[in-house]
Amino acid sequence: MEVRNIAPLRLHLLFAGLGITFLLIFSWVLFHEEAAEWRTTQARFRQLEGDVKNPHQLAEAASVGGLRQVWLPDLGRIDRCETCHLGIDDPAFAGAPAPFATHPGTWLATHPTGRFGCTPCHDGQGQATDYAAAAHRPQPFVTRPMRPLETIEANCGTCHRALDPTDAPRLAEGRRLIAESGCFGCHEIPGFEGMTFRGPALDSVGYKVRPAWLASWLKDPKSYLAQSKMGNFRLSPDEIGSLQGFLLSQRMQVPLDSTGVDWKNADTANGRALFGELRCVSCHAVNGRGGTMGPELTNIGDKVRRDWLFSYLKDPHRVQADTPMLQYRLNDAQWRDLTAFLLEQYSSADTGAEPPPVTYQDARLLAAGRAVFERRGCSSCHRLAAIKETGRIGPSLAGIADRDPDELPYGGSTVRHTTDNYIFLKVLLPDTLGQPSGMPTFGFSPADAARITLALASIRKSDLPASYVVGRPALVPYRPGGKFGELVMRYRCLSCHTVGGFGGDLSTVPLDRIGSQLQRDYLANYLLNPGAVRVSVEARMPVFHLSPDEAKTIADYVSMVFLDDRFDRYDTKFTSAEARRGQELYGQLGCQACHQLGTKGGYVGPELSTTGARLKPGWIAAWLSTPQTYKPGTLQPDYGLSGADARALTAYLTSLGRSDAAKARGGKTP
Amino acid sequence: MTGRAWHASAVTVLALMTSAACRSGPRPQPGDPMLDAIRAEEREGKLTYVESQGRRLFVHYCATCHGDDARGDGQNASNLNPPPPDMTVSRMSQDPALTRRVIAEGSAAVGRSPLSPPWGRSLSQQQIDYLVAYCQSLGRETP
């Protein structure tokens, strides 16, 4: 082995050179650190602080220099933003220039930086200490630069899981759109567990619809119904033909017998009157006006067959057990009149005579139709006994917001690669992102697609500690038994009212405490003939045509079960001085601005001249004292009434309408 | 939205997506169609984010009296004496402190009728801030 001999002088030179290089690097690092952006920023801040605060305040609490950070081990984050944002939680710096200004609004009161840091809401690189590296603006290789204010609600949604989070309207709207459009029929979406979206069952659709309508619906549902919740599957004419044949062959359940119905003598004027009286428009829109719980009826005559409609109206639950539609109590002649009225009034002019049902024999066609049905996942939304449930056909959206934006397909478009942009384009135009997509086009406006994007972008894969999650309360389904339970099912009370948060929210009145709120006799009469309690409300309680016996059962049950002891324990012996004082307060507080009394007053809230016969005193007092606890978002303001004032108003209101009601009743109450 | 209208807007977004690339010389700026969609909607309403939050609350809580656009023409306005003023011309809405007082404590608190209710206990301070911002945007000249 040969040993190299290095001259001692050369060795010394090498060491000297290296030494100098290290010294240079070291001093450069020192200098660089000393001249760091955040130090100059802090120097500027100290100047500003001198201007904003007097010496006394400064002596008390002058800012401390140096790196400042919030360590959030639970969230796995270190945020150093406050190194520069030094005035962020000090109101003295309201209106100061960036980056020293106080945080706007009252957000930090509910989200103190010590617990939340900055990046959970704003994104960006929390550990960085200069402007560029913190990713205030999009940066190469930074997957989550700071969110602009316009889209920040996506981050609210990561912790706030309620469907309707307060103060995040775009997020709330996005979640509502998802719930309404039933995206979870095909995708697993965290936060929407347990929700089902049901299009109508198709077991007997061959008896229900006209063939021409079905073909045009399959081609583009929006051509029949602009608000259709079903997307456009972009089917080819061949697919439409075979699917149409397959569907029209589904004839499991024969409609109720209507052979004896005398259609010639149908009285459409009576049908029209019934349509108004049953308050169909509370749930069904016609010509763009009315409720949205049921399908719009404007062109129903183009769609359904007469026998099917008659049968459906008479017993909707027979056709679909889980429909929100209620079953009215009418006779066959009335059903006939209503059917005839709907078909005549609500169809486009060119609807021809009803074609006879076709029987499809071509086995190849039927098999092809069935294949389309299975491939496109129709059974995600529609029950069809002939097809076994296939489960969710689309990919799960759990953790979608944490997918690497650079690995998502953008189909050659030049958008910035962000999960937001990917989700947005997919929701808006499913077919534009590279591969052809099985997802239907829903026809969302760009603004709605953006709101849906916000809602989806809040779904992180993170294992957020439970202490940060503001949840959606778990709902316990409410299923009463017995005779009362049967009535609740038949009249579908829970399509509009809630019990324990379970049910529909069309009505403004949850039923949980209704027995302690309403006088029993008033309720019994109201069920038989529901008038409008508030003048300005469009969705009205339907006239069910209850029998007096049914009304009695319901009134007795709720006034014994749906109670709140706090209201019932209220001392109801009022003095006349209290009532007089209440009347005075009524004028002073301006109650008449919203409530009518006799012929005077506004019509925002309920008319009050029969309050004494309608409401129980304990409830009136409780409601007046803290209305928002009983109904968040109510228009009734909280006046901060003292107990005595609430009592005085209650005394006054209870005195209204008592004697009239007693007279009017005259023993007729069921 | 009708089928045609959404289709048109979808095409606009697509055009935006591609035009961002073709527009300027050497380094094309990648587009942000999702943000553009939100901003386009905001521009249409001519309100900032904070003001539009206020507008949403206004429509829910105040519009029955004040009207959807605060012109004093809500469906309940005819029942009120004095009626709610047209806030797009009223001088008073330009004073944020006074406006806040009316909203939080009611019009009676500034020596007027009790007809505009006090919302200070029903709404959060944040929500009242939003409402004040919206009320102030009302007098703004629109270009």
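On a predicted model such as this, the values are computed, not experimentally measured, just so you know. Below, read A as the first sequence line, B as the second, and so on, with proteins coming before strands; counting in each chain starts at 1.
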Sub-4.5 Å heavy-atom contacts with chain A: which residues of residues 101-114 of chain B show up?
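Within residues 101-114 of chain B, near chain A: B:Pro114.
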
Which residues satisfy the salt bridge (Lys or Arg N to Asp or Glu O under 4.0 Å) test with [X], sequence neighbours excluded?
X: A:Asp167; answer: none
X: A:Arg234; answer: A:Asp431
X: A:Asp164; answer: none

Report the option among [options] that has the most heavy-atom pairs separated by less than 4.5 Å from atoms of chain B.
options: A:Gln588, A:Arg451, A:Gln227; value: A:Arg451
options: A:Pro169, A:Gly105, A:Pro104; value: A:Pro169
options: A:Pro627, A:Ala593, A:Gly587, A:Gly590; value: A:Ala593

Looking at side-chain heavy atoms only, is the closest gap between [X] and [Y] below 4.5 Å?
X: A:Tyr639; Y: B:Pro117; value: yes
X: A:Lys600; Y: B:Asn79; value: no
X: B:His60; Y: A:Leu635; value: yes

Region of [X] in contact with chain B, defined by heavy-atom distances below 4.5 Å:
X: A:Thr110; answer: neither
X: A:Pro148; answer: side chain
X: A:Gln592; answer: side chain

Looking only at heavy atoms, what is the nearest atom pair of [X] and [Y], with distance?
X: B:Ser122; Y: A:Gln628; result: CB-NE2, 3.3 Å
X: A:Leu425; Y: B:Pro33; result: CD2-CG, 4.2 Å
X: B:Tyr61; Y: A:Gly633; result: OH-CA, 3.3 Å

Just how far is it from atom OG1 of A:Thr453 to atom CE of B:Met34, taken to the nearest 0.5 Å?
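That separation rounds to 5.0 Å.
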
Rounded to the nearest 0.5 Å, what separation is found between the CZ atom of A:Arg170 and the OH atom of B:Tyr49?
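One finds 6.0 Å between CZ of A:Arg170 and OH of B:Tyr49.
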
Is it true that a side-chain atom of B:Gln126 and a backbone atom of A:Thr106 form a donor plus acceptor pair closer than 3.5 Å?
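The answer is yes, because a donor-acceptor pair under 3.5 Å joins these two groups.
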
Can any side-chain N or O of B:Asn76 pair as donor or acceptor with the backbone N or O of A:Tyr603 at less than 3.5 Å?
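Flag set: sc B:Asn76 to bb A:Tyr603 pair under 3.5 Å.
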
Neighbour count >12 (heavy atoms, 6.0 Å) for atom [atom1], [X]:
X: A:Arg403; atom1: CZ; value: no
X: A:Arg176; atom1: CZ; value: yes
X: B:Gln125; atom1: CD; value: no

B:Arg43 and A:Glu150 ion-paired at < 4.0 Å
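Salt bridge between B:Arg43 and A:Glu150, a charged N being under 4.0 Å from a carboxylate O: no.
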
Looking at A:Glu173 and B:Arg56, is there a salt bridge between them, counting it only when a charged N and a carboxylate O are closer than 4.0 Å?
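Salt bridge between B:Arg56 and A:Glu173, a charged N being under 4.0 Å from a carboxylate O: no.
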
In terms of heavy-atom pairs under 4.5 Å, which option from B:Leu35, B:Leu123, B:Ile38, B:Asp32 contacts chain A the most?
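Greatest number of close heavy-atom pairs with chain A: B:Asp32.
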
With a 4.5 angstrom heavy-atom cut-off, could you sort out which part of B:Leu115 is near chain A: side chain, backbone, both or neither?
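For B:Leu115, the contact with chain A is made by backbone and side chain together.
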
